[in-house]
There are 2 protein chains.
Amino acid sequence: MAYNIPVEATLDVIGGKWKVVIMCHLIKGEKRTSELKRLMPGITQKMLTQQLRELEADGVVNRIVFDQVPPKVVYSLTEYGWSLRPILDAMCAWGEGHIDLTDAEVAE
Amino acid sequence: MAYNIPVEATLDVIGGKWKVVIMCHLIKGEKRTSELKRLMPGITQKMLTQQLRELEADGVVNRIVFDQVPPKVVYSLTEYGWSLRPILDAMCAWGEGHIDLTDAEVAE
DNA sequence: TTTCATAGGTACTTTTAAGTTCCTACATCA
DNA sequence: TGATGTAGGAACTTAAAAGTACCTATGAAA
């Protein structure tokens with residue numbers, strides 16, 4: 001598909017409500033499914049799996065299944081996923097610097 | 001509202017299908033509504049207005065109305081909006097470097 | 001033996017995002 | 001005179017995203 005502006009290609013990969021959050025967690029190291037769920041109390045099992053599948057299909061996330069019971073699956077960023085790091089870092093940094101300043105700065 | 005991770009604050013402001021695209025255009029200079037519409041052939045008048053209103057409400061975009069007929073309205077980034085620039089730059093750069101490499105790189 | 005935790009799958013519903021169509025006002029130009 | 005461009009409002013519909021509830025398998029621990 002053709003884009004009107006290159007940044008749309010980026011949005012295709014990291015757009016949506018959860019992908020950036022998931023990747024921000026994976027930046028700090030690989031995580032198994034249950035860890036991610038705990039880190040994101042707002043996400044449902046279904047959405048987590050779905051988003052991880054899409055990230056995997058885009059080559060951004062790696063999925064490693066351990067053949068054991070109870071099941072163990074570990075997710076991590078691929079090399080390709082690491083190429084998104086400047087974006088993730090910038091987004092995280094901005095968020096840290098502007099949490100609720102949207103409201104608070106007016107009062108200050 | 002409380003966030004589980006700071007980056008959610010960022011997503012609150014620039015999340016969605018159009019906001020990043022709009023801001024990427026505004027980075028290059030102020031634009032009037034019709035210009036933005038031409039730059040984004042896929043957006044509808046309604047969505048454009050709606051997204052600009054939200055960006056304005058978040059203090060990211062400036063709206064200047066010229067009292068003339070036919071109407072003229074010019075949008076630009078506020079100083080606060082400029083603080084998002086590192087994110088926008090990173091996203092644009094990634095998009096430029098990875099357009100359809102998602103498909104092409106496999107073939108190569 | 002029953003319960004628990006794990007990593008999902010499936011079917012269904014709800015919510016939100018986005019799109020469509022039709023409307024206004026008025027100066028300008030053909 | 002009548003069409004054109006501008007910026008947007010309002011009502012309505014459709015599509016996509018997200019959520020809910022319930023299901024599986026199995027080894028280990030209580």
Side-chain angles (χ1 to χ4, degrees), chain A residues 1 3-5 7-8 10-26 29-58 60-76, chain B residues 1 3-5 7-8 10-26 29-58 60-76:
Chain A
M1 62 195 67
Y3 300 114
N4 291 305
I5 187 174
V7 77
E8 292 180 342
T10 312
L11 292 168
D12 259 6
V13 177
I14 63 166
K17 188 174 172 180
W18 296 111
K19 287 180 182 172
V20 168
V21 177
I22 292 173
M23 294 184 73
C24 282
H25 286 303
L26 292 183
E30 56 173 42
K31 297 271 180 299
R32 50 188 302 194
T33 316
S34 53
E35 289 180 276
L36 286 172
K37 228 187 312 186
R38 272 189 287 275
L39 289 166
M40 298 183 275
I43 202 170
T44 58
Q45 165 80 56
K46 180 198 144 187
M47 284 310 294
L48 179 56
T49 307
Q50 185 179 303
Q51 299 298 307
L52 285 168
R53 288 288 179 285
E54 290 178 17
L55 288 169
E56 199 193 348
D58 282 328
V60 162
V61 153
N62 226 315
R63 178 170 180 260
I64 298 159
V65 182
F66 292 80
D67 191 18
Q68 61 182 60
V69 170
K72 178 178 175 184
V73 177
V74 167
Y75 294 95
S76 56
Chain B
M1 63 196 67
Y3 300 114
N4 292 304
I5 187 174
V7 77
E8 291 181 342
T10 311
L11 292 169
D12 259 5
V13 177
I14 63 166
K17 188 174 170 181
W18 297 110
K19 288 179 182 172
V20 167
V21 178
I22 292 172
M23 296 184 73
C24 282
H25 286 304
L26 292 183
E30 55 174 41
K31 296 271 181 299
R32 49 188 303 194
T33 316
S34 52
E35 289 181 276
L36 286 172
K37 228 186 312 184
R38 271 189 289 274
L39 289 166
M40 295 183 277
I43 202 170
T44 59
Q45 165 81 53
K46 180 199 146 186
M47 283 311 293
L48 179 57
T49 306
Q50 185 180 303
Q51 299 299 305
L52 285 167
R53 288 287 179 287
E54 291 179 18
L55 288 170
E56 200 193 347
D58 282 329
V60 162
V61 153
N62 226 314
R63 178 172 181 257
I64 297 159
V65 182
F66 292 80
D67 190 19
Q68 61 182 59
V69 170
K72 178 178 175 184
V73 177
V74 168
Y75 293 94
S76 56

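Naming convention: chains lettered A, B, ... in sequence-line order (proteins, then strands); numbering from 1 in each chain. Computed from a predicted structure; not experimentally measured. Just so you know, these numbers use all the heavy atoms, side chains as well, and skip hydrogens, waters and symmetry mates.
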**Complete:** Given Watson-Crick and G-U pairs under 3.5 Å, DNA chain D in dot-bracket ([ ] crossing, | other strand) is |||||.||||||||||||||||||.|||||
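- Not one side-chain nitrogen or oxygen of B:Arg63 sits closer than 4.0 Å to the OP1 or OP2 atom of D:dA7.
- Here the P atom of nucleotide D:dG5 and the NZ atom of B:Lys37 are 11 Å apart, to the nearest Å.
- The heavy-atom pair separating B:Gly42 from A:Asn4 by the smallest distance is N-ND2, 4.4 Å.
- Applying the salt bridge (Lys or Arg N to Asp or Glu O under 4.0 Å) test to A:Lys31 and every residue at least two apart in sequence or in another chain returns nothing.
- The list of salt bridge (charged side-chain N to carboxylate O under 4.0 Å, His left out) pairs with a residue in residues 32-57 of chain A, not counting sequence neighbours, reads A:Lys19-A:Glu54.
- Dashed line: the shortest gap from a side-chain N or O of B:Ser34 to OP1 or OP2 of D:dG5 is not under 4.0 Å.
- Put simply, the side chain of A:Glu8 reaches to within 4.5 Å of the side chain of B:Val21, judged on heavy atoms.
- Applying the side-chain contact (heavy atoms from CB on, under 4.5 Å) criterion to A:Thr33, with sequence neighbours excluded, gives A:Gln45, A:Leu48, A:Val73, A:Tyr75.
- Between chain B and DNA chain C, the heavy-atom contact criterion of under 4.0 Å yields a 5' to 3' nucleotide range of C:dA18 to C:dA27.
- Annotation: of the two residues near DNA chain D, B:Thr49 and B:Arg38, the 5′-most nearest-nucleotide partner is B:Arg38.
- One distance of note links NE2 of A:His25 with CD1 of B:Ile5; it measures 4.0 Å at 0.5 Å rounding.
- Using a 4.5 Å heavy-atom cutoff, the side chains of A:Leu39 and A:Ile22 are not in contact.
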**Complete:** Nucleotide by nucleotide, nucleotides 10-30 of chain D touches protein heavy atoms under 4.0 Å in the pattern (B base, S sugar-phosphate only, - none) -B------BBB-----BS---
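- In terms of phosphate contacts, B:Arg32 brings no side-chain nitrogen or oxygen within less than 4.0 Å of OP1 or OP2 of D:dG5.
- Across all their heavy atoms, B:Val20 and B:Ile14 have their closest contact at CG2-O, 3.5 Å.
- Note that the OH atom of A:Tyr3 and the OG1 atom of A:Thr10 stand 8.5 Å from one another [nearest 0.5 Å].
- Between A:Leu36 and A:Leu52, the closest side-chain pair of non-hydrogen atoms falls below 4.5 Å.
- In this structure, A:Phe66 reaches neither bases nor backbone, as no heavy-atom distance under 4.0 Å exists between it and the strands shown.
- Note: B:Gln51 CD to B:Ile43 CD1 = 6.5 Å, rounded to the nearest 0.5 Å.
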